[in-house]
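Here the structure is a predicted model, which is why all the values come from computation and not from measurement. The chain is numbered in sequence order, starting from 1.
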Amino acid sequence: MSTAAERYRIAAVVPCHNEEAAIATVVADLVASVPGITVYVYDNCSTDRTVERAREAGAIVCSEPHKGKGNVVRRAFADIDADIYLLIDGDDTYDAGAAPAMIEKLLADNLDQVVGVRRGDAYRAGHETGNKALNRIVTGIFGDTMGDMLSGYRIFSRRFVKSFPAVSREFEIETELTVHSLALRIPSATVDVGFKDRPEGSESKLRTYRDGWKILNVIMTLTRHERPIYFYGLISAVLMFLATVLAIPVLVQYVQTGMVPRMPTLIVSSFLVMISCLLFLAGLVIDGIRKSRHETSRLSYMRLPSVRGTYVRDPEFYPDTVAAHIPVPRASS
């Protein structure tokens with residue numbers, strides 16, 4: 001049986017910032033796990049010997065001067081032309097040996113994304129709790145999280161990559177990838193992967209509270225864009241509830257006495273009702289825009305073929321089409 005790299009062009013994208021202690025191992029493990037893969041290491045303002053280590057390991061080294069993982073992914077997705085893309089961090093915490101199973105899952109089920117769900121005890125203090133909390137928030141809003149919404153180990157088809165807008169700048173990129181998949185209902189699956197501690201001499205760039213707040217902010221922003229009726233409707237309902245609470249005593253007093261002595265309360269309540277109605281209408285309008293945007297994104301996504309039929313008609317997946325393409329000789333006249 002031929003390897004996936006013999007049938008498809010597979011590119012690994014490895015964002016790096018000061019990962020000289022780990023990058024050579026990551027590159028070597030990827031090449032060993034997926035023979036024929038092309039590894040692109042994107043250096044992101046490193047001040048150590050990351051570039052030299054990556055080149056010595058056989059990777060193609062590119063540079064992204066704008067700091068942030070989101071900027072790297074945005075640049076890589078625009079630069080690289082391949083059939084299958086593998087995204088993995090350069091800190092040697094993910095098991096590169098899981099790549100063949102993830103790629104095979106993508107091909108066998110004709111998917112556009114396979115997410116590596118982290119399994120292991122290498123989470124830093126507070127990170128696991130924060131990750132679970134953010135996953136619960138996304139599940140409550142969008143109904144799913146792809147198993148591990150902050151996973152940096154993913155396999156993509158070409159049509160996913162070339163139709164993904166990539167607007168995030170830093171570690172929020174994983175959240176954007178997850179919400180984009182859920183919003184457009186892109187065919188995806190998960191595979192459990194090993195997760196281990198960083199090698200000695202390697203330092204995490206993730207800041208628990210700062211980056212956690214940024215990710216939460218991205219979730220709220222994406223909720224506003226992707227679930228506008230839910231977002232604005234919830235705020236509208238809260239304001240309407242407050243208006244009702246303020247207005248009931250005034251109305252009761254008016255019914256009993258025919259007077260409205262608490263005029264300021266009535267004015268505030270009326271303003272809250274107006275704002276509530278305006279927010280709900282805004283949600284309806286933005287939801288129409290969202291639908292139009294999703295239709296455009298879907299058409300952009302549909303312009304590209306699925307990974308199976310990108311460049312090679314694989315007999316293993318298309319057994320019935322081989323005979324159909326064998327030319328039939330014409331009868332002589």
Just by modelled atom types, is the L266 backbone N or O under 3.5 Å from a matching donor or acceptor in the S270 side chain? yes

Applying the 4.5 Å side-chain criterion to the ILVMFWY set and letting contacts propagate, would V115 and L177 be lumped into a single cluster? no

Close side-chain approach of I88 and L86, heavy atoms under 4.5 Å: yes

Distance from L106 atom CG to S157 atom OG, nearest 0.5 Å? 6.0 Å

Step through it carefully: locate the ring centre of F160, locate the ring centre of H180, and say whether they are under 6.0 Å apart. yes

Measure the shortest side-chain to side-chain distance between V61 and C16 over non-hydrogen atoms and say whether it is less than 4.5 angstrom. no

Enter the distance from R55:CZ to E52:CD here, rounded to the nearest 0.5 Å. 7.5 Å

We want to know whether H294 and R290 form a side-chain donor-acceptor pair, criterion being a heavy-atom distance below 3.5 angstrom. yes

Out of curiosity, I275 CD1 to I235 CD1, how far, rounded to the nearest 0.5 Å? 11.5 Å

Would S236 and S276 count as having a side-chain donor-acceptor pair, cut-off 3.5 Å? yes

Under the side chain to side chain contact (heavy atoms under 4.5 Å, CB included) criterion, do V72 and K67 qualify, and how do the steps go? CA-CA 8 Å; V72 171; K67 197 170 181 180; over 6 Å; no

Under 3.5 Å donor-acceptor, D91 side chain and E19 backbone: no

Do the side chain of Y85 and the main chain of I80 share a donor and acceptor less than 3.5 angstrom apart? yes

Are any non-hydrogen side-chain atoms of V117 and V191 less than 4.5 angstrom apart? no

Salt bridge (charged side-chain N to carboxylate O under 4.0 Å, His left out) between R158 and D81, intermediate numbers included: CA-CA 8 Å; R158 185 172 186 271; D81 190 28; 2.8 Å; yes

Evaluate the side chain to side chain contact (heavy atoms under 4.5 Å, CB included) criterion for residues M240 and L272: first the C-alpha distance (whole Å), next the side-chain angles of each, then the deciding distance (0.1 Å), finally the verdict. CA-CA 7 Å; M240 187 63 75; L272 288 176; over 6 Å; no

Non-hydrogen atoms of V13 and A76 that approach each other most closely: CG1-CB, 3.5 Å

Kindly determine whether R49 and E56 satisfy side chain to side chain contact (heavy atoms under 4.5 Å, CB included), including the steps that lead there. CA-CA 11 Å; R49 300 186 66 239; E56 290 170 0; 3.9 Å; yes

Which atom pair, heavy atoms only, marks the closest approach of V27 to A57? CG1-O, 3.6 Å

Using every non-hydrogen atom in the two residues, find where V14 and G90 come nearest and quote the distance to one decimal. CG1-CA, 3.5 Å

Any donor-acceptor pair under 3.5 Å from S163 side chain to Y301 backbone: no

Do the side chains of V250 and M263 join up, straight or via other hydrophobic residues, at under 4.5 Å, putting them in one cluster? yes

Do I60 and V39 have side-chain heavy atoms sitting under 4.5 Å apart? no

N/O donor-acceptor pair under 3.5 Å between S292 side chain and G288 backbone: no

Quick one, D197 and T93 - any side-chain contact, counting heavy atoms below 4.5 Å? no

Looking only at the aromatic ring of each residue, does the gap between the centers of Y153 and F195 stay below 6.0 angstrom? no

Do the non-hydrogen side-chain atoms of R75 and P65 ever get within less than 4.5 Å of each other? yes

Of H17, E174, E172, which is the lone residue that meets side-chain hydrogen bond (donor to acceptor under 3.5 Å, both in side chains) with K69? E174

List the atom of E176, the atom of S168, and the distance in Å for their closest heavy-atom pair. OE1-OG, 2.7 Å

Check whether V73 and I155 end up in the same hydrophobic cluster, where Ile, Leu, Val, Met, Phe, Trp and Tyr are linked by side-chain heavy atoms less than 4.5 Å apart. no

Determine yes or no for a side-chain-to-main-chain donor-acceptor pair under 3.5 angstrom, with S297 supplying the side chain and R293 the backbone. yes

Within the distance-only criterion (no hydrogens, no angle test), does the side chain of N44 pair as donor or acceptor with the backbone N or O of E64 below 3.5 angstrom? yes

Can you pull the side chain to side chain donor-acceptor pair (under 3.5 Å) pairs that have at least one residue in residues 21-42, sequence neighbours excluded? Y42-D79

Could you give all pairs that pass the salt bridge (charged side-chain N to carboxylate O under 4.0 Å, His left out) test and reach residues 260-274, with sequence neighbours left out? none

Roughly how far, to the nearest 0.5 Å, is the OG1 atom of T47 from the CG atom of N18? 4.0 Å

Between F231 and E226, is there a side-chain heavy-atom distance shorter than 4.5 Å? no

Test side-chain contact (heavy atoms from CB on, under 4.5 Å) applied to S63 - qualifying residues, sequence neighbours left out: none

When rounded to the nearest 0.5 angstrom, what distance separates CG in D148 from OG1 in T190? 9.5 Å

Can you tell whether the side chains of R159 and D112 come within less than 4.0 Å, N to carboxylate O? yes

Ring pair (Phe, Tyr, Trp, His ring centres under 6.0 Å) between F164 and F156, worked out: CA-CA 11 Å; F164 175 64; F156 306 104; 7.6 Å; no

Over all atoms of both residues, closest heavy-atom pair of Q113 and S181: NE2-OG, 2.8 Å

For the pair S46 (side chain) and D48 (backbone), establish whether a donor and an acceptor sit closer than 3.5 Å, ignoring hydrogens and angles. no

Should V193 and V31 be regarded as members of a common hydrophobic cluster, given that ILVMFWY residues are connected when their side-chain heavy atoms come within less than 4.5 Å of each other, either directly or indirectly? yes

Between D287 and G283 (side chain of the first, backbone of the second, donor and acceptor by atom type, cut-off under 3.5 Å), is there such a pair? no

Is any side-chain heavy atom of T296 less than 4.5 Å from a side-chain heavy atom of S300? no

Tell me whether V179 is reachable from I286 by hopping between hydrophobic residues (I, L, V, M, F, W, Y) whose side-chain heavy atoms are closer than 4.5 Å. no

D192 bridged to R119 by N-O distance under 4.0 Å: yes

Rounded to the nearest 0.5 Å, how far does CD1 of I103 lie from NZ of K105? 14.5 Å

Could you verify whether a donor N or O on one side chain and an acceptor N or O on the other, from E20 and T50, lie under 3.5 Å apart? no

Assess whether salt bridge (charged side-chain N to carboxylate O under 4.0 Å, His left out) is satisfied between D92 and K196, documenting all intermediate values. CA-CA 8 Å; D92 193 28; K196 58 186 178 181; 3.5 Å; yes

Neighbour count >12 (heavy atoms, 6.0 Å) for atom NZ, K162: yes

Quick one about T178 and R154 (side-chain donor to acceptor, distance below 3.5 Å, no hydrogens or angles considered), yes or no? yes

Looking only at heavy atoms, what is the nearest atom pair of L279 and Y232, with distance? O-CB, 3.4 Å

